[in-house]
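From a predicted model like this one, the values you see are computed outputs, not experimental measurements. Within every chain, numbering begins at 1; the chains are lettered A, B, ... in the order of the sequence lines, protein sequences first and strands thereafter.
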There are 2 protein chains.
Amino acid sequence: MIETDIFKALADPTRRKVFEKLAGGSLNASALRDGMEISQPAMSQHLAVLRGAGLVREQRQGRFVNYEVDPDGIASIGTWLARYRAYWPKRIEALADLLKDMDQ
Amino acid sequence: MIETDIFKALADPTRRKVFEKLAGGSLNASALRDGMEISQPAMSQHLAVLRGAGLVREQRQGRFVNYEVDPDGIASIGTWLARYRAYWPKRIEALADLLKDMDQ
DNA sequence: TCGACACATAAGCACGTGCTTATGTGTTGC
DNA sequence: GCAACACATAAGCACGTGCTTATGTGTCGA
């Protein structure tokens with residue numbers, strides 16, 4: 001199940017931090033490590049998990065590999081979340097309408 | 001981190017199925033087990049995880065414990081997801097701005 | 001009060017996860 | 001070509017997770 005991969009990937013705080021960094025713009029693996037006390041293999045493994053979940057996609061550029069947010073992953077969460085629209089508080093009802101629209 | 005608990009809870013397919021059942025209306029632990037080849041302790045443990053994540057809340061009724069979706073949990077995912085609005089499809093983003101204005 | 005019921009908790013076990021160190025693969029510049 | 005670099009992969013290990021069986025806790029009806 002793709003949803004399982006997505007939620008598993010996001011269940012790790014380090015991976016969520018990496019994902020949030022990428023949301024600010026595409027970065028290569030080394031740049032992602034900056035200020036993040038994490039080894040190179042660990043980062044590589046985390047990126048592989050995020051990529052496998054469809055949350056991130058990569059692009060080779062010379063000897064660097066550039067990572068960026070994959071909108072499809074975000075959209076998957078949105079469609080999943082849209083199923084529980086009935087339980088959303090009024091305050092973010094507008095957002096729920098939005099996600100419902102994405103679902104079609 | 002509460003987000004960690006939420007995503008961890010939803011990373012399990014059985015728990016997502018339970019959550020979806022509850023989205024259709026509140027049920028007690030035994031009713032949740034119907035048609036779900038799962039032991040009583042396993043269900044109890046899954047419900048404890050969902051409850052700990054704030055996705056579900058309980059209510060004692062006699063010797064039954066009624067479970068229901070907790071809107072706060074859903075809202076948490078919504079607000080997290082909202083941070084990545086920039087990566088939603090263009091068409092959706094425009095509508096999001098519109099709805100945001102309407103909401104104020 | 002006592003047995004049946006609904007559910008929670010404890011302990012043990014198989015398997016998964018995230019880290020480490022070590023090494024492999026592909027690219028760049030000299 | 002070859003050394004340096006950027007990243008991936010492999011293997012091993014500590015710890016977490018989800019199941020099981022066994023037992024505890026609270027409630028109900030007779």
Student: Are the side chains of B:Ile77 and B:Leu55 in touch, meaning some heavy atoms are under 4.5 Å apart?
Tutor: yes
Student: Ignoring the backbone of B:Ser30, work out which of C:dA8, C:dC7, D:dC7 is nearest its side chain.
Tutor: C:dC7
Student: Might you confirm whether atom CZ of A:Arg57 has over 12 heavy atoms from other residues, nucleotides or ligands at distances under 6.0 Å?
Tutor: yes
Student: To the nearest Å, how far apart are B:Arg33 CZ and C:dA6 C1'?
Tutor: 10 Å
Student: Quick check: closest heavy atoms across A:Ser26 and A:Asn66, and the distance to 0.1 Å?
Tutor: OG-OD1, 3.0 Å
Student: When the ring planes of B:Phe7 and B:Trp80 are compared, do they come out parallel, tilted or perpendicular, using 30° and 60° as the limits?
Tutor: perpendicular
Student: Which whole-number value in Å describes the distance from A:Asn66 CG to D:dA8 P?
Tutor: 12 Å
Student: Please state how far atom CD in B:Gln59 lies from atom P in C:dC7, giving the value in whole angstrom units.
Tutor: 14 Å
Student: Report yes if some heavy atom in the side chain of B:Tyr84 is under 4.5 Å from a heavy atom in the side chain of A:Val69; otherwise report no.
Tutor: no
Student: Establish, with yes or no, whether the OP1 or OP2 oxygen of D:dA6 is under 4.0 angstrom from a side-chain nitrogen or oxygen of A:Asn28.
Tutor: no
Student: Indicate yes or no for a side-chain donor-acceptor contact from A:Ser76 to the backbone of A:Asp72 under 3.5 Å, with no hydrogens or angles considered.
Tutor: yes
Student: From CG of B:Leu47 over to C1' of C:dC7, roughly how many Å is that when rounded to an integer?
Tutor: 10 Å
Student: Calculate the interatomic distance between A:Glu58 atom CD and D:dC7 atom P; express it in whole Å.
Tutor: 11 Å
Student: For A:Arg15, is there an ion pair with B:Glu3 - N to carboxylate O distance below 4.0 angstrom?
Tutor: no
Student: Once you round it to whole Å, what is the distance between C1' of C:dC7 and CZ of B:Arg51?
Tutor: 13 Å
Student: If the sugar-phosphate is the primed atoms plus P, OP1 and OP2 and the base is the rest, what is the B/S/- string for nucleotides 17-27 of chain D, using protein heavy atoms under 4.0 Å?
Tutor: SSBBBB----B
Student: In whole angstroms, how far is the C1' atom of C:dA6 from the CG atom of B:Leu27?
Tutor: 15 Å
Student: Under 4.0 Å between a side-chain N or O of A:Tyr67 and OP1 or OP2 of D:dA8?
Tutor: yes
Student: Nearest-Å distance, CG (A:Leu50) to P (D:dA8)?
Tutor: 12 Å
